[in-house]
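Written out below as structure tokens is the structure these notes cover.
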Amino acid sequence: MVARLGIVRKYPPSQTGVMKINYNLNVSKTKELVVDYRRSGNQLQYIEIGNEPVDKVHSYKYLGVTITDKLEWGEHVKTILIKTNRRMFLLRKLNSFKLDTTLISLFYKATIDTIFTFCLVAWDGNTTVKDMGKLNTLVRKARRVYQCQDLKSVEELLAWTTQRKVQSILSNEHPLSHRLEYSSRTGRPIVIRCRTERYRRSFLPRAVLSLADAYCRNRFSVNAGSTFLAFSSVLPFYRL
């Protein structure tokens with residue numbers, strides 16, 4: 001599979017949408033990221049804009065998420081650890097001041113927990129066990145700082161965020177709602193067939209699998225045409 005992100009094709013100036021709206025594109029700030037899973041690499045030609053070549057990068061930070069040309073999330077996890085470790089210093093300081101645990105918990109959820117949960121459903125499914133261990137180690141450190149065992153692990157955060165996203169897809173006219181199919185006989189969600197492990201561990205197949213498991217455990221109920229999800233335990237997510 002080869003995909004080019006942020007492609008600007010080489011067209012004559014009269015045919016480009018850039019020229020039609022009189023918008024000057026800054027080529028020095030334009031990057032090209034080629035997603036290619038082949039081991040041999042790609043042989044695609046460089047893109048040019050106004051006779052200036054566009055830089056080809058192996059990773060790019062887009063909307064707060066670091067994307068690589070292999071769709072691996074090690075660099076993004078590394079960025080998360082750097083941010084959260086800086087905030088852990090402030091958490092230790094607040095605990096040394098004998099601050100109320102409620103306020104410390106509020107600080108943790110506002111400054112550290114939000115970093116974990118940002119776009120979690122998009123990248124956490126394909127995170128390696130090693131990177132997940134690093135994230136959970138930081139959560140355990142935070143538990144020891146102010147002696148609170150109620151902090152959710154990264155797996156629990158993933159289950160919670162996935163549940164919220166699935167509820168949003170089912171309750172609204174979401175663009176992904178048409179991808180959910182149900183059995184005409186039993187009404188059970190049909191599991192999406194996946195050809196690759198990478199796709200199977202992505203959000204949508206993983207969410208549909210969780211819906212099907214919840215249905216089989218009689219924790220998926222339908223009332224008056226509206227769908228309500230009842231998850232009494234952490235949903236199973238399969239990892240390598």
Side-chain angles (χ1 to χ4, degrees), residues 1-7 31-39 56-88 108-142 151-170 174-177 179-180 191-192 194-211 213 229 231 234-240:
M1 174 183 177
V2 180
R4 303 183 88 162
L5 304 182
I7 295 180
K31 308 297 180 184
E32 179 190 13
L33 178 66
V34 180
V35 180
D36 188 0
Y37 303 137
R38 297 176 301 181
R39 296 182 180 180
K56 184 181 294 185
V57 296
H58 297 287
S59 63
Y60 186 77
K61 187 176 182 180
Y62 182 70
L63 297 179
V65 179
T66 303
I67 306 173
T68 65
D69 55 357
K70 299 294 184 182
L71 288 185
E72 298 173 347
W73 306 104
E75 292 190 21
H76 183 64
V77 171
K78 183 178 179 180
T79 303
I80 290 177
L81 292 174
I82 293 174
K83 290 182 179 180
T84 51
N85 279 318
R86 293 172 181 172
R87 289 160 176 77
M88 282 293 296
Y108 173 84
K109 292 178 180 179
T111 61
I112 298 179
D113 207 26
T114 53
I115 298 177
F116 284 144
T117 56
F118 181 72
C119 290
L120 187 65
V121 295
W123 58 265
D124 188 68
N126 283 291
T127 307
T128 62
V129 175
K130 181 179 179 180
D131 289 335
M132 286 297 298
K134 294 179 181 178
L135 295 174
N136 282 320
T137 298
L138 192 139
V139 174
R140 289 193 294 269
K141 288 181 180 179
L151 299 182
K152 297 180 180 179
S153 64
V154 181
E155 289 84 0
E156 292 172 336
L157 289 174
L158 177 62
W160 176 67
T161 53
T162 302
Q163 175 186 350
R164 289 183 57 188
K165 179 58 67 174
V166 172
Q167 288 177 346
S168 175
I169 294 174
L170 294 175
H174 196 276
L176 291 177
S177 59
R179 298 292 305 276
L180 301 179
V191 177
I192 299 177
C194 304
R195 297 178 58 184
T196 62
E197 182 68 15
R198 181 182 290 103
Y199 181 46
R200 188 182 69 82
R201 293 169 59 180
S202 61
F203 164 71
L204 191 60
R206 194 176 66 242
V208 174
L209 179 62
S210 301
L211 282 176
D213 289 342
L229 300 180
F231 292 85
V234 179
L235 299 178
F237 294 100
Y238 300 91
R239 297 184 177 279
L240 289 177

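The first residue in the sequence is number 1, and the count goes up from there. Values in this document were obtained by computation on a predicted structure and should not be read as measured data.
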I need the minimum non-hydrogen distance between [X] and [Y], along with the two atoms involved.
| X | Y | result |
| --- | --- | --- |
| Val121 | Phe203 | O-CB, 3.4 Å |
| Arg200 | Cys194 | CA-SG, 3.6 Å |
| Arg201 | Asn126 | CB-OD1, 3.6 Å |
| Val57 | Leu33 | O-CD1, 3.3 Å |
| Leu120 | Thr161 | CD2-OG1, 3.8 Å |
| Ser153 | Val139 | CA-CG1, 4.4 Å |

Practice prompt. Identify, with sequence neighbours excluded, every residue that meets side-chain hydrogen bond (donor to acceptor under 3.5 Å, both in side chains) alongside Asn136.
Written response: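 side-chain hydrogen bond (donor to acceptor under 3.5 Å, both in side chains) check on Asn136 returns Glu155.
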[atom2] on [Y] to [atom1] on [X], rounded to 0.5 Å:
| X | Y | atom1 | atom2 | value |
| --- | --- | --- | --- | --- |
| Gln163 | Ser168 | CD | OG | 12.5 Å |
| Thr127 | Glu72 | OG1 | CD | 11.0 Å |
| Lys109 | Lys152 | NZ | NZ | 8.0 Å |
| Leu138 | Arg87 | CG | CZ | 11.5 Å |
| Phe116 | Thr84 | CZ | OG1 | 5.0 Å |

Practice prompt. Could you go through the side-chain contact (heavy atoms from CB on, under 4.5 Å) check for Leu209 and Val191 one step at a time?
Written response: CA-CA 6 Å; Leu209 179 62; Val191 177; 4.2 Å; yes
Could you tabulate the donor-acceptor pairs under 3.5 Å formed by side-chain atoms of residues 75-82, not counting sequence neighbours?
from	atom 1	to	atom 2	distance (Å)
Glu75	OE1	Ser59	OG	3.1
His76	ND1	Thr66	N	3.3
Thr79	OG1	Glu75	O	3.0

Taking the side chain as everything from C-beta on, heavy atoms only, tell me whether [X] gets closer than 4.5 Å to [Y].
| X | Y | answer |
| --- | --- | --- |
| Thr162 | Lys165 | no |
| Leu157 | Asp124 | no |
| Val65 | Phe118 | yes |

Item to complete: Could you walk me through whether Ile192 and Tyr199 pass side-chain contact (heavy atoms from CB on, under 4.5 Å), step by step?
Response: CA-CA 10 Å; Ile192 299 177; Tyr199 181 46; 3.8 Å; yes
Worksheet item: With sequence neighbours left out, what residues match Trp73 under ring pair (Phe, Tyr, Trp, His ring centres under 6.0 Å)?
Response: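 Here no residue qualifies.
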Worksheet item: If you measure only the distance, is there a donor-acceptor pair under 3.5 Å linking the side chains of Arg140 and Thr137?
Response: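 Yes - a donor-acceptor pair under 3.5 Å links their side chains.
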Discussion item. Go through it in stages, so that I can follow the logic: the residues are Val208 and Leu180, the test is side-chain contact (heavy atoms from CB on, under 4.5 Å), and I'd like the CA-CA distance, side-chain angles, deciding distance and then a yes or no.
Written reply: CA-CA 7 Å; Val208 174; Leu180 301 179; 3.4 Å; yes
Discussion item. A quick test of your reading: do over 12 heavy atoms of other residues, nucleotides or ligands sit less than 6.0 Å from OH of Tyr60?
Written reply: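 It does not: Tyr60 OH has 12 such atoms or fewer within range.
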Worksheet entry | Full working for side-chain contact (heavy atoms from CB on, under 4.5 Å) between Met132 and Leu158 | CA-CA 11 Å; Met132 286 297 298; Leu158 177 62; over 6 Å; no
